[in-house]
Amino acid sequence: MFRKILIANRGEIAVRIERACREMGIRSVAVFSDADRASLHVRLADEAYPIGPAPSRESYLCIDKLMEVARRAGCDALHPGYGFLAENAALARACAEAGVTFIGPSPEAMEALGSKTEGRQLARRCDVPTVPGAVDPIERPEDAQLLAQSIGYPVLLKAVAGGGGKGMRLVSNAAEFAAGWRDASSEALNAFGDARLYLEKYLVQPRHIEIQILADAHGRVVSLGERECSVQRRHQKVVEEAPSPIMTQELRRKMGEAAVRLARAGRYVNAGTVEFLVDAGHNFYFLEVNTRLQVEHPVTEQVTGLDLVKLQIAIAAGHRLPFAWESITPRGHAMEVRLYAEDPDNNFFPSPGKILSRRTPTGPGIRLDDGVYQGWTVPTDYDPLLSKLIAWGNSREETIARLRRALDEFAITGIKTNVGLFRRILSEPAFLRGEMHTRWLDELLQVRAAVRDDDPSAVQAALIAAALWQLAQDGAHPNGNGGASPDDSSSRWKFEGRRELLDRMP
Amino acid sequence: MFRKILIANRGEIAVRIERACREMGIRSVAVFSDADRASLHVRLADEAYPIGPAPSRESYLCIDKLMEVARRAGCDALHPGYGFLAENAALARACAEAGVTFIGPSPEAMEALGSKTEGRQLARRCDVPTVPGAVDPIERPEDAQLLAQSIGYPVLLKAVAGGGGKGMRLVSNAAEFAAGWRDASSEALNAFGDARLYLEKYLVQPRHIEIQILADAHGRVVSLGERECSVQRRHQKVVEEAPSPIMTQELRRKMGEAAVRLARAGRYVNAGTVEFLVDAGHNFYFLEVNTRLQVEHPVTEQVTGLDLVKLQIAIAAGHRLPFAWESITPRGHAMEVRLYAEDPDNNFFPSPGKILSRRTPTGPGIRLDDGVYQGWTVPTDYDPLLSKLIAWGNSREETIARLRRALDEFAITGIKTNVGLFRRILSEPAFLRGEMHTRWLDELLQVRAAVRDDDPSAVQAALIAAALWQLAQDGAHPNGNGGASPDDSSSRWKFEGRRELLDRMP
Amino acid sequence: MKYEVHMEGKTRVVELERHGAAWRISLDGQPVAADALEISPGVYSILLGGRSHEVRVMIAPDGSLQVQSGLYEFAAKVVDPRSWRGRRHGVLEAEGRQQILAPMPGKVVRLLVKVGDKVEAGQGLLVVEAMKMQNEIRSPKSGVVERLQAKEGQPVNAGEVLAWVE
Amino acid sequence: MKYEVHMEGKTRVVELERHGAAWRISLDGQPVAADALEISPGVYSILLGGRSHEVRVMIAPDGSLQVQSGLYEFAAKVVDPRSWRGRRHGVLEAEGRQQILAPMPGKVVRLLVKVGDKVEAGQGLLVVEAMKMQNEIRSPKSGVVERLQAKEGQPVNAGEVLAWVE
């Protein structure tokens with residue numbers, strides 16, 4: 001087993017990997033940019049090294065700096081997390097050259113499956129159905145527009161190097177094409193350093209359902225079942241769950257077999273995800289392979305009981321997947337929401353800043369994969385994902401009830417978060433019936449949220465708190481309330497203040 | 001289903017019950033003493049009402065005050081939690097009179113099974129083996145001492161009304177008898193308002209293993225399997241786990257059947273626990289029935305996937321237990337540690353006070369049933385249980401690794417906790433082999449902990465932090481370090497300070 | 001102590017008066033059964049006739065108060081009617097002419113209009129990039145772009161004025 | 001700034017010197033590669049040659065510092081050798097005569113000895129009840145009970161002197 005793992009990432013996923021390392025008795029080595037010195041992943045690591053200025057192109061995306069830290073700290077393996085360089089074959093190659101085990105697939109498998117165009121070619125060769133569209137990156141926007149015309153609008157423009165909804169644009173008609181192409185390619189360049197795009201047909205109300213696979217270095221490839229990720233805003237997943245509300249044994253078997261077939265064809269090793277679109281007739285179309293851990297991996301962990309990060313590490317160390325795992329049966333239901341520093345009431349603008357106060361939910365059925373803490377300043381330089389909140393229950397209904405309970409307990413000041421969005425989604429009748437598709441949330445957000453019932457008690461409490469807050473700002477003592485002498489007039493207020501003083505005394 | 005439940009308790013268990021209520025769409029009503037106005041269970045409840053001064057005999061133990069709140073707030077049910085009045089038949093009777101459903105067994109079942117002496121009589125009648133000793137409370141210490149002589153030392157003195165190790169004393173020989181009797185009865189009087197004691201033979205190196213049962217009002221009684229609670233300090237459980245490391249299918253079946261037999265004989269309804277001692281030959285002896293929810297119930301929840309509090313509420317509302325639950329099979333392994341405000345380095349003295357800073361663990365396999373928060377002052381008036389930390393894993397080994405990881409992440413200042421004790425227990429070879437008995441921990445604590453390996457780096461960090469802390473206390477700027485001008489000499493220190501100021505600006 | 005609190009389009013008078021071991025609180029002259037406790041700076045536990053509320057108060061970038069009361073969120077302004085301090089709370093009362101403020105720190109990457117352009121309510125004025133996302137800033141009203149403070153490539157702070165629409 | 005830190009029976013000199021954007025820190029005159037950051041009051045993140053340490057500092061009831069460094073816990077005293085402030089840290093240096101302090105707030109429920117009694121190290125002196133538990137306070141040394149400050153039924157605060165053993 002490895003002795004020391006370099007974690008080439010930041011935020012909640014770096015913390016997640018550090019925890020797996022600690023549980024396995026492996027030392028974890030964090031890296032941090034100047035904006036991340038105080039970040040949770042630095043505090044919880046065994047070792048931590050600076051790798052440059054805040055912009056990720058000068059720090060987290062610098063392969064040479066990462067390899068220098070690996071060498072200096074004596075790491076024998078590297079985990080890339082997701083995002084940043086997780087699907088970059090050059091990093092995997094640099095690791096191989098430096099004698100550091102890359103925890104993920106080989107660079108060849110990454111290229112054969114991870115590239116959206118090559119992945120689709122491979123899928124066609126091994127009888128996995130695909131969505132109509134281009135297979136290769138398209139150089140000239142004019143050619144792309146011609147193709148769009150021939151397969152028919154709407155079409156989806158996608159970054160060849162992309163993921164997570166970045167560098168992706170839906171184009172509904174020819175008039176929108178030029179602007180969509182410009183925005184998508186500039187976003188792709190910024191996010192991945194690669195402006196190339198391809199396009200495909202946009203299906204009507206499809207579901208996004210993906211299959212988690214695990215493959216060891218000894219030829220065993222297993223499916224751990226599906227995740228339903230249809231609730232998306234601008235192609236970015238915001239709620240994920242397992243099992244899918246529409247899943248049948250038959251469909252799960254067929255999708256699992258297709259995913260395993262594709263992984264075998266690409267000589268894939270380690271954890272990966274095969275993404276599909278599924279239409280109302282239970283037809284599924286291959287979308288792409290994510291050759292890495294997914295943001296939403298906890299959903300699979302909660303229903304299978306497996307620890308995917310530990311399994312990734314074990315596979316990279318050459319361990320065999322035990323035969324029994326092929327027959328894993330999911331138990332209960334799990335659902336994840338991604339807590340972002342963004343303002344749902346203001347067009348989901350990012351909301352970086354200092355977290356002034358925070359209360360996080362705990363208790364039965366609740367898991368928090370946390371990346372932040374009270375007092376920490378969310379930097380402007382990175383993705384605004386703060387933490388992931390995951391609920392488990394015996395049924396989908398119990399899981400949703402627990403998640404709503406946890407969201408009710410969650411409170412934060414100093415920054416805005418999208419918690420209110422989840423409260424809304426989790427009370428939508430269509431969502432409760434499991435009737436979602438990839439455009440469902442974007443359509444929902446066109447409709448103003450129903451005006452909440454007026455709660456006069458909550459309004460009164462708010463008024464009183466605002467006045468008390470102002471009183472505290474004005475400082476010192478309320479004046480002009482004649483009557484009681486200082487001795488017998490000790491308000492609970494002042495009483496508390498005094499008790500605090502006493503508490504602080506040695 | 002109920003509309004509003006009064007929670008006649010405080011601390012983590014009140015919070016636990018509030019969460020179940022919220023997930024079921026039932027309003028929760030908290031009560032609080034003067035010492036608990038700022039407690040977490042008040043903040044998280046839907047409603048909260050004061051019930052008097054800090055001493056529990058003037059607040060949480062006042063049946064009339066509880067019934068007054070139930071009436072005033074319009075509660076249709078009452079959950080007693082554990083401790084306080086949870087096993088007090090008078091509260092169950094008062095509820096019945098007021099038309100409020102008591103979430104627990106009937107007063108008659110409570111008396112038939114809950115009283116240690118009557119429980120043992122019933123056990124003998126239905127062929128459940130018991131430990132040799134007195135069946136009735138013993139009025140005069142002289143009689144008790146004669147009985148002790150006849151069954152042979154060591155003997156255990158126990159409070160008739162007791163639980164949780166309070167009012168309990170081990171007496172090793174005749175010379176210790178008088179002091180043990182005095183301490184046990186005075187503690188019993190203080191804790192339960194009832195000084196009466198009984199005694200029983202103390203088995204050599206027995207294990208404490210208990211069976212969780214659920215019984216509905218329609219005659220179905222099921223066993224949810226065992227919990228191993230042998231790690232105890234002064235008869236107080238400190239680590240609990242499921243399954244038991246020594247359990248076999250055969251023993252689990254036999255103990256489960258005995259527990260169900262006893263519950264049926266006592267016409268028991270709702271959740272209850274039958275405690276046994278188990279010797280090296282897998283013989284088991286009935287100890288007592290806890291006619292309530294146990295502190296350690298989360299361990300069973302984690303391996304069965306069931307929510308015991310919700311099931312308690314459903315049973316009290318007259319729902320039937322589905323037949324399928326009789327065949328529940330535990331999955332994986334769960335372990336709980338009880339975090340107390342006490343100082344293990346100083347004879348486990350309670351350590352109330354203000355929680356100045358706190359970091360709690362999160363992430364995969366970790367559940368925290370929390371009862372406190374940073375900034376809260378742990379009062380001196382109640383049991384020092386702060387929170388319960390529960391880990392789940394695929395195997396006992398993974399569960400222990402996760403629990404150790406979580407304990408490593410846990411940090412608190414302002415009060416002392418017993419976290420260090422758990423770190424020690426979880427690294428003891430005998431514990432790792434699963435070889436515990438009820439006196440194992442007390443014996444371990446006779447031996448000084450092995451001197452830790454010196455970690456020069458941690459020592460250096462401590463020295464630096466102490467100096468930085470002093471510098472901050474001395475206030476202002478370091479002086480006498482000539483050279484750099486104010487402008488280019490901004491230390492990271494000052495830089496952080498300035499950033500904070502900026503963050504606070506609108 | 002008496003305060004005027006402007007919230008949700010209404011103005012209410014909150015009176016806080018010490019009385020023995022607690023506050024005596026009234027709203028618009030009506031006493032309310034409230035027990036208020038500061039949990040930590042800006043976090044209040046308020047029991048109102050038994051109902052347990054947790055309220056969080058903080059200053060928004062525009063100087064108003066943001067008040068979270070349970071699942072509700074309000075914008076509020078507080079004025080002490082006996083003092084002149086209230087004056088500083090008057091900034092929001094601009095009417096026809098609208099300031100366009102940067103909602104978060106970031107960089108202006110594209111201007112979509114120029115001074116003198118007619119714009120519709122909801123029309124994009126400029127694009128700010130922050131946290132790897134490009135975010136279009138839209139006009140809150142129909143009108144004419146009076147001034148454009150922002151330039152392409154310029155970093156901006158939260159609350160900074162980007163433009164005026166008249 | 002130079003401090004003497006007494007910890008674990010040793011005295012070390014810690015020197016903190018601003019240097020550009022960071023601290024230059026030396027221990028006993030030897031520079032160390034340390035990057036220190038205050039996370040919140042009393043909580044420090046310290047990177048020492050790459051090792052990531054989290055250290056929490058607080059004042060113990062006896063006036064000394066309690067320092068948690070990862071899983072380790074130390075008692076420390078800090079003295080600024082250039083000032084007289086160090087003097088106030090001298091309280092712990094009593095030798096033969098031992099003060100018996102209340103380790104937590106509670107109530108004295110029983111005295112087990114009286115003034116003039118001979119006691120063994122580890123012998124119970126009195127019983128304090130706190131948080132529903134009766135806790136025996138034991139003598140740290142063999143000797144004679146010189147004074148008994150505590151009375152039965154008396155509430156005591158943490159750090160309060162209960163007795164002296166000479």
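Within every chain, numbering begins at 1; the chains are lettered A, B, ... in the order of the sequence lines, protein sequences first and strands thereafter. Computation of the quantities below employed the complete heavy-atom set of this structure, encompassing side-chain atoms and omitting hydrogens, waters and symmetry-equivalent molecules.
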Working for salt bridge (charged side-chain N to carboxylate O under 4.0 Å, His left out), residues B:Glu398 and A:Lys310: CA-CA 11 Å; B:Glu398 185 178 50; A:Lys310 287 188 201 163; 2.8 Å; yes
Winner by heavy-atom pair count (cut-off under 4.5 Å) against chain B, out of A:Gly25, A:Pro361, A:Ala401, A:Gly305: A:Gly305
Under 4.5 Å from any heavy atom of chain A - which part of [X]:
X	result
B:Arg331	both
B:Pro298	neither
B:Ile366	backbone
B:Arg19	both
B:Ser357	neither

Per-residue contacts, residues 388-397 of chain A versus chain B, heavy atoms under 4.5 Å: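 Checking residues 388-397 of chain A against chain B gives A:Trp392, A:Asn394.
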Donor-acceptor pair, side chain of A:Ser33 and main chain of A:Ala35, under 3.5 angstrom: yes
Aromatic A:Tyr373 / basic A:Arg43 pairing, under 6.0 angstrom, 45° off normal: yes
Worked verdict on B:His79 versus B:Gln312 for side chain to side chain donor-acceptor pair (under 3.5 Å): CA-CA 9 Å; B:His79 196 304; B:Gln312 284 193 296; 2.7 Å; yes
Region of A:Arg402 in contact with chain B, defined by heavy-atom distances below 4.5 Å: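 A:Arg402 touches chain B through backbone and side-chain heavy atoms alike.
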Contact winner vs chain A - B:Val309, B:Leu44, B:Val15, heavy-atom pairs under 4.5 Å: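 Most heavy-atom pairs within the cutoff with chain A belong to B:Leu44.
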Between [Y] and [X], is the closest basic N to carboxylate O distance under 4.0 Å?
X	Y	result
B:Arg358	B:Asp370	yes
B:Glu409	B:Arg359	no
B:Lys4	B:Asp46	no

